[in-house]
There are 2 protein chains.
Amino acid sequence: MHLTISPGTPGEALDQLLELVVLISEDMTQTLARDGLTVPRAHLVWLLHHGGATTQRALADALKVSPRNVTGLVDGLVATGLVTREPHPTDRRATLVSLTDRGASTLAEMDRGHRELATLLFGDMADRQFGSFVDGLGHVLRRLREELNASGEGAP
Amino acid sequence: MHLTISPGTPGEALDQLLELVVLISEDMTQTLARDGLTVPRAHLVWLLHHGGATTQRALADALKVSPRNVTGLVDGLVATGLVTREPHPTDRRATLVSLTDRGASTLAEMDRGHRELATLLFGDMADRQFGSFVDGLGHVLRRLREELNASGEGAP
DNA sequence: TATTGTTATACTCTATAACTATA
DNA sequence: TATAGTTATAGAGTATAACAATA
C-alpha cells in the first residue's frame with residue numbers, strides 16, 4: 001500500500017528550493033569567511049586546485065567574468081597569501097597564477113569541509129530516499145539547464 | 001522488485017546541489033534584470049508585496065541588513081519608479097515605503113514567473129517522484145537549518 | 001593586427017561611525 | 001536617552017573603455 005503524505009504543490013516545492021539556495025549560500029559565505037575567503041575568490045582558487053596554474057585570461061573565461069575583474073580577485077588573493085603571480089615562461093604578455101603552499105592547504109581544508117557537509121546533509125538518509133532525491137535533483141537540473149540555454153540564446 | 005540505479009555518493013549529490021544553487025541564482029538574476037531589478041531590490045519589494053507598506057527600519061530588520069543599506073536599496077527603487085517614500089503618519093522620524101502601481105504590476109509579473117518556473121521544474125514529474133523529492137528536500141533543509149543555528153551561536 | 005593585463009571610471013551591495021531630527 | 005534615517009567613508013564584486021607591452 002502507498003501513502004502519499006501531502007507532498008504539497010509545485011509552488012511550495014519551489015519555495016523550499018529557494019530557501020535551500022539561500023541557506024546554502026549563507027553557509028558557504030560563513031564557512032569561507034573563516035578562511036578569509038569570499039565566494040568569488042574561492043571559485044578562483046578552486047579552479048587552480050583542480051586545473052593547476054593558469055593565466056588570468058583563462059581564469060576570466062572559466063569564471064565567465066571580465067579580465068579586469070580577475071585582476072581584482074587575484075590582487076586580493078595575493079594580498080592574503082593564497083596565490084602568486086609569476087611570469088609566463090613563453091608568453092611575456094601573460095602571467096601565471098599559482099596556489100601557494102598556504103593556498104593548497106586551505107583548499108585541502110575546503111575539501112574536508114565539503115565532505116563533512118555532504119555527510120551532514122545525506123549521511124543518515126535511507127538509501128531509497130537518497131536515491132529518489134538524487135533522481136529528482138537530476139530532473140530539476142536538466143530542466144534548469146534547458147531553460148538557461150533557451151533564454152541565453154539570441155544574444156549575440 | 002526494486003532497482004537502485006547508481007544513486008551516487010553524498011559528495012556527488014552535494015555537487016549537484018551546488019550546481020543547482022548556481023543555476024537558480026543565474027536564472028533569477030537574469031529574469032529580474034528584465035524588470036530592471038537586482039536580487040536585493042527584488043527581496044525588498046517582495047516584502048512590501050507580502051506585508052504592505054512599512055518603515056525602512058522594519059525592512060532593515062527583515063532583510064537582516066544595515067539601515068544604511070536599505071537607504072541605498074530604496075533610493076534605487078524610487079529612481080526606477082517601483083516604490084515611493086512617504087512621511088509616516090504618526091512618527092515624524094520615520095518614512096513609509098510603499099509600492100507604486102508600476103511596482104505592484106511588476107510584482108504580479110514576478111508571481112507569474114514564479115508559477116511558470118514551478119511548472120517547468122516539477123510539472124511533468126510523476127506524483128511519486130515528486131513526493132519523494134519534496135521529502136528529501138525537507139530532510140536537507142532541516143539539517144541545514146540546524147547547522148546554521150549551531151554555527152551562528154556563541155556570537156554576541 | 002590581435003591579445004594580455006593594466007589603469008581609469010562607474011555602479012551595486014555591503015558595513016561602521018558620526019550626525020540630525022524626532023520620540 | 002533612545003530611535004529613524006541620513007551623510008561620510010570604505011571595501012568587495014562587477015562592467016566598459018582606453019592604453020601599454022608583446023605576439
Side-chain angles (χ1 to χ4, degrees), chain A residues 22 25-26 28-30 32-48 53-80 82-98 155-156, chain B residues 22 25-26 28-30 32-48 53-80 82-98 155-156:
Chain A
V22 171
S25 296
E26 280 180 12
M28 277 182 56
T29 303
Q30 217 175 75
L32 290 172
R34 281 184 219 127
D35 291 322
L37 279 170
T38 60
V39 169
R41 289 179 192 180
H43 196 169
L44 193 155
V45 292
W46 188 88
L47 288 173
L48 295 180
T54 36
T55 64
Q56 296 191 184
R57 176 70 223 185
L59 290 169
D61 291 341
L63 294 168
K64 283 186 272 191
V65 116
S66 69
R68 177 60 184 92
N69 198 346
V70 172
T71 299
L73 295 176
V74 172
D75 282 352
L77 288 165
V78 168
T80 52
L82 297 185
V83 309
T84 57
R85 259 192 267 244
E86 296 163 52
H88 190 285
T90 65
D91 186 341
R92 287 200 293 175
R93 293 169 304 177
T95 56
L96 264 188
V97 183
S98 317
Chain B
V22 170
S25 296
E26 278 180 13
M28 275 182 58
T29 302
Q30 214 174 78
L32 289 172
R34 281 184 220 128
D35 291 322
L37 278 171
T38 61
V39 169
R41 289 178 192 179
H43 196 169
L44 194 155
V45 294
W46 186 89
L47 288 174
L48 295 179
T54 36
T55 64
Q56 295 190 184
R57 175 72 224 186
L59 290 170
D61 290 341
L63 295 168
K64 283 187 272 191
V65 119
S66 70
R68 177 60 184 90
N69 199 345
V70 172
T71 299
L73 296 176
V74 172
D75 283 352
L77 289 165
V78 167
T80 52
L82 297 185
V83 310
T84 57
R85 259 194 266 244
E86 297 163 50
H88 191 285
T90 64
D91 186 340
R92 287 200 292 176
R93 295 169 305 177
T95 56
L96 264 188
V97 182
S98 316

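Lettering follows sequence order; numbering is per chain, from 1.
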Leu73(B) CG to Gln56(B) CD distance, which is reported to the nearest 0.5 Å: 9.5 Å

Partner set under salt bridge (charged side-chain N to carboxylate O under 4.0 Å, His left out) for Arg93(A), not counting sequence neighbours: Asp91(A)

Gap separating the NE2 atom of His88(A) from the OG1 atom of Thr95(A), nearest 0.5 angstrom: 9.0 Å

Interatomic distance where CG belongs to Leu73(A) and C1' belongs to dA12(D) [whole Å]: 9 Å

Comparing Lys64(A) and Thr90(A) on DNA chain D - which has the more 5′ nearest nucleotide: Lys64(A)

Nearest-Å distance for atom pair CG/C1', residues Leu77(B) and dT12(C): 12 Å

Result of checking Val70(B), Leu47(B), Leu48(B) against Val97(B) for side chain to side chain contact (heavy atoms under 4.5 Å, CB included): Leu48(B)

Please enumerate all protein N or O atoms sitting under 3.5 Å from an N or O of nucleotides 4-6 of chain D, with distances to 0.1 Å.
unit_1 : atom_1 : unit_2   : atom_2 : d
dG5(D) : OP1    : Gln56(B) : N      : 3.3
dG5(D) : OP1    : Thr95(B) : N      : 2.9
dG5(D) : OP1    : Thr95(B) : O      : 3.2
dG5(D) : OP1    : Thr95(B) : OG1    : 3.3
dG5(D) : OP2    : Arg57(B) : N      : 2.5
dT6(D) : OP1    : Arg85(B) : NH1    : 3.0
dT6(D) : OP2    : Gln56(B) : NE2    : 3.0
dT6(D) : OP2    : Thr71(B) : OG1    : 2.6

Nearest-angstrom distance from the residue atom CZ of Arg92(A) to P of dA20(D): 18 Å

N/O (side chain, Asn69(B)) to phosphate O (OP1/OP2, dC13(C)) under 4.0 Å: no

Of residues 37-44 of chain B, the positions that come close to DNA chain D - non-hydrogen atoms, cut-off under 4.0 Å: none

Nucleotide dA12(D), atom P - distance to CG of Leu32(A) in whole Å: 15 Å

Interatomic distance, Thr71(A) atom OG1 to Leu59(A) atom CG [nearest 0.5 angstrom]: 10.5 Å

Spacing of Asp35(A) atom CG and Thr80(A) atom OG1 [to the nearest 0.5 Å]: 10.5 Å

Nearest-0.5 Å distance that lies between atom CG in Leu82(B) and atom CG in Leu37(B): 5.5 Å

Rounded distance (nearest 0.5 Å) linking atom OG1 of Thr54(B) with atom CG of Leu44(B): 7.5 Å

